[in-house]
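These notes are about the structure you will find just below.
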Number of protein chains: 2
Amino acid sequence: MAGVSPATVSNVLTGRRVRAESAQRVKEAASSLGYAVDRAASQLRSGRARVVAMLVPSLENPFFTSIVAAVERRLRTDDHDLVVASAADDVATEHSRLQALLSWRPAGMIVIPCTDDFAGASLLAAAGTPYVVLDRVGGAHSADTVAVDNVTAGLEAARHLIDLGHRRLLIVASARTLSNIKLRCKGIVEACAAAGLEEPALIEVGFDLESAVDRLQTWLSTHERPSGIIALTNFATLGALASLARFSVSIPGEVSLVGFDDYAWMRAAAPSITAIRQPVEAMAELVWDRLRARIDGDSSPVVQAMLPVSLVIRASTARCQTGDPAAGLPGQGLRRPSRTGGRQREQGTGRGAKA
Amino acid sequence: MAGVSPATVSNVLTGRRVRAESAQRVKEAASSLGYAVDRAASQLRSGRARVVAMLVPSLENPFFTSIVAAVERRLRTDDHDLVVASAADDVATEHSRLQALLSWRPAGMIVIPCTDDFAGASLLAAAGTPYVVLDRVGGAHSADTVAVDNVTAGLEAARHLIDLGHRRLLIVASARTLSNIKLRCKGIVEACAAAGLEEPALIEVGFDLESAVDRLQTWLSTHERPSGIIALTNFATLGALASLARFSVSIPGEVSLVGFDDYAWMRAAAPSITAIRQPVEAMAELVWDRLRARIDGDSSPVVQAMLPVSLVIRASTARCQTGDPAAGLPGQGLRRPSRTGGRQREQGTGRGAKA
DNA sequence: CGGCCCACATAAAACGTTTCAAGAGCACGC
DNA sequence: GCGTGCTCTTGAAACGTTTTATGTGGGCCG
């Protein structure tokens with residue numbers, strides 16, 4: 001020690017009332033020794049952890065990582081640290097990761113569940129850890145939730161296409177069991193009903209690109225081609241793009257496409273992609289606000305927050321080209337000659353050859 | 001307690017020699033009580049932390065998050081947890097985040113530094129925390145490093161284009177101060193020299209898409225158009241795509257493009273993108289192997305590992321169309337009529353209008 | 001039968017903080 | 001002069017584990 005006292009050091013470092021002179025000495029000593037409080041000991045004694053745990057379905061999905069990044073940014077300003085775990089899109093893994101995270105005794109937890117009925121809720125309740133459920137807000141949660149207005153999202157996407165004259169829509173979804181997907185569909189169906197259209201077709205493509213492309217290709221070669229496609233996740237958007245490219249379907253000439261989530265590549269793609277943008281930054285802010293309030297003892301009734309999305313109109317949607325009745329024939333796209341060298345070649349090398 | 005003894009519980013839970021019967025009783029009690037070891041107390045007493053801290057320049061860049069995801073997967077199988085922090089592409093933030101991470105007394109640390117001379121090395125050395133430097137392996141590190149064979153990466157990309165008959169190449173880089181960028185350039189220059197070509201032009205576009213597009217557009221409208229472009233980061237790739245689209249330059253008809261990092265959208269884009277793929281999974285595995293060895297007391301000399309990349313050939317590269325001398329005139333692309341509705345319209349709405 | 005070793009269980013100390021109650025010093029007012 | 005209140009400091013207890021050393025009982029060998 002340079003100066004005095006073991007407990008006074010703690011008082012200085014936790015910002016309690018200490019004479020300015022001693023505080024100064026302690027700080028000098030600390031910095032010269034390169035001393036930093038041991039979080040484990042600190043947390044053990046005080047019972048207060050400056051850690052927030054976050055459990056997401058996957059760290060491969062840019063939507064989730066962008067939320068993680070935004071949350072991390074928020075936490076940094078409040079001097080908290082972040083422990084992340086990925087559930088690997090698997091309920092069993094989710095459960096075991098949740099237990100691992102709980103053993104940190106985090107101050108609070110942010111969860112994006114794998115499925116609507118978040119089984120871990122009972123664990124969290126038993127541990128008394130405050131938590132907020134994010135994005136996939138399905139079952140009846142007894143905790144605060146933050147989500148996006150999925151119905152309006154679907155409604156706006158569909159209305160945009162309908163306004164452009166599209167009548168035959170296709171929904172590309174990951175899995176219709178997820179409530180946010182269901183709600184987006186609901187919005188689309190509402191918009192269609194309002195326009196006097198029948199309910200659009202829906203295809204489920206799963207959570208990875210390979211299966212999405214496979215299923216979309218078989219669907220497209222066996223069904224009448226839609227004039228407008230709404231993809232409800234970012235993988236679905238990629239899958240739709242890839243499959244349409246394989247069939248050399250021009251966008252937006254033959255098919256208009258509305259994607260979900262707004263990423264850099266959508267701006268750079270040719271054509272750039274019209275998409276529903278989720279307010280990632282606002283979601284992160286809101287979720288941390290709620291969680292911090294709960295950590296600080298707020299015991300008001302749970303709140304289910306819903307944030308608005310925005311439709312970013314780019315080049316992948318255009319006025320429907322009517323008067324081409326042949327376009328609807330099954331399998332048509334496969335036989336149609338492609339127009340650009342790039343697309344044509346893509347059919348051969350699209351799966352990627354290593355050099 | 002259901003059964004006996006406070007210390008025996010610890011023996012059971014840490015897997016030491018205990019009579020089978022008592023072990024059974026303890027486990028039952030633990031699961032019925034929902035008991036889980038408090039990591040803070042455990043770490044405090046044992047001095048062993050089952051935490052690995054990871055410091056990355058940004059969590060917005062999919063290359064970094066994909067590495068984080070892969071590392072997390074590895075750690076999970078070895079029953080370790082991950083604490084991440086983002087340096088926000090800023091050296092000062094990097095330093096403060098590093099200190100925050102060190103207060104966890106992590107078993108080890110994985111660092112992707114912001115700059116080549118990683119100033120935090122001294123902090124880590126002082127704390128005695130084993131660490132591995134990943135990806136941006138610039139200055140003389142006194143720690144293990146894991147990186148990619150950047151020279152060969154550049155060489156292969158350039159050779160691919162040269163083999164296709166391209167003579168005028170353009171390098172699009174984030175910042176040439178980074179050593180991995182420098183090495184990639186070196187490989188490209190080598191390949192050009194071997195083919196008797198002059199050194200290709202280079203343009204620095206920074207770390208975000210907006211600035212990349214801006215700078216590329218001004219460059220493209222004031223210089224002779226190259227026939228082949230090599231983009232050295234994923235943002236550079238996106239920037240190149242977006243700028244070429246604005247000028248309605250066809251890929252690969254007029255310009256061939258080799259990108260960096262291999263993402264789902266590159267497969268789905270039209271045309272799909274030929275790219276250098278970095279072995280993210282292998283990097284994560286190697287970095288954890290090295291770190292774990294150091295944690296376990298391995299004190300052999302530091303090793304600088306270098307992993308091979310692979311060139312994934314897709315549709316964005318094609319044989320050079322010679323015999324079009326006019327193509328080289330400055331600003332040409334702006335006046336040329338675009339061929340597809342999508343690209344044409346993109347010029348008007350490319351920046352995205354909210355609805 | 002005694003001594004020894006083995007397998008297992010446990011008491012108690014220790015890890016590095018925070019916190020609480022109590023102490024020290026000082027000024028003030030009666 | 002003494003009690004009172006105030007500011008600042010500090011000794012010691014406590015947090016929940018792990019670990020070390022010690023204890024206990026039983027089997028085996030001489």
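When distances run from any side-chain atom of A:Arg17 to the nucleotides C:dT10, C:dG16, D:dC8, the shortest one goes to D:dC8. The side chain of B:Thr14 has D:dT18 as its nearest neighbour among D:dT18, D:dT17, D:dT19. For A:Arg48, the listed nucleotide lying nearest its side chain is C:dT18; candidates were C:dT18, C:dG16, D:dT19. Among the nucleotides C:dC15, D:dT17, D:dT10, the one closest to any side-chain atom of B:Tyr35 is D:dT17.
Among all heavy-atom pairs drawn from B:Leu286 and B:Ala305, the shortest one is CD2-CB, 3.5 Å.
Phosphate contact (OP1/OP2 of C:dT18, side-chain N/O of A:Ser42, threshold under 4.0 Å): present. For A:Ser22 and D:dT9, the shortest distance from a side-chain N or O to OP1 or OP2 is below 4.0 Å. Note on A:Ser10: a side-chain N or O is less than 4.0 Å away from OP1 or OP2 of C:dT18.
Atom CG of B:Asn11 is separated from atom C1' of C:dC8 by 10 Å (rounded to the nearest Å). In this structure, B:Leu44 atom CG and D:dC15 atom P are separated by 14 Å, rounded to whole Å. The nearest whole Å value for the distance from the CG atom in A:Asp38 to the C1' atom in C:dT18 is 13 Å. As rounded to whole Å, 15 Å separates atom P of C:dC15 from atom CD of B:Gln43. Atom CZ of A:Arg16 and atom P of C:dC20 are 7 Å apart (whole Å). If you take CZ of A:Arg50 and C1' of C:dT17, they are 15 Å apart, rounded to a whole angstrom. Taking atom CG on B:Leu13 and atom P on D:dT18, their separation rounds to 7 Å, with Å as the unit.
For the pair B:Arg39 and A:Trp104, the cation-pi test (distance below 6.0 Å, angle within 45°) is passed.
Along DNA chain D, the nucleotide closest to A:Ala7 and the one closest to A:Ala20 are compared, and the more 5′ of them pairs with A:Ala20. For the pair B:Arg45 and B:Val18, both in contact range of DNA chain C, the more 5′-proximal nearest nucleotide belongs to B:Val18. Remark on DNA chain C: of its neighbouring residues B:Arg19 and A:Ala41, the 5'-side contact belongs to B:Arg19, judged by nearest-heavy-atom nucleotide.
A salt bridge is defined here as a Lys NZ or Arg NE, NH1 or NH2 lying under 4.0 Å from an Asp or Glu carboxylate O, and A:Arg76 with A:Asp81 fails to meet this definition. Ionic pairing of A:Arg73 and A:Glu285 is not present here: no N-O contact between side-chain nitrogen and carboxylate oxygen is shorter than 4.0 angstrom.
Within the nucleic acid shown, A:Ser46 comes within 4.0 Å of sugar-phosphate atoms alone, with no base atom in reach, counting heavy atoms only.
Inter-residue side-chain proximity for B:Asp144 and B:Val133 is flagged as unmet; no heavy-atom pair is nearer than 4.5 Å.
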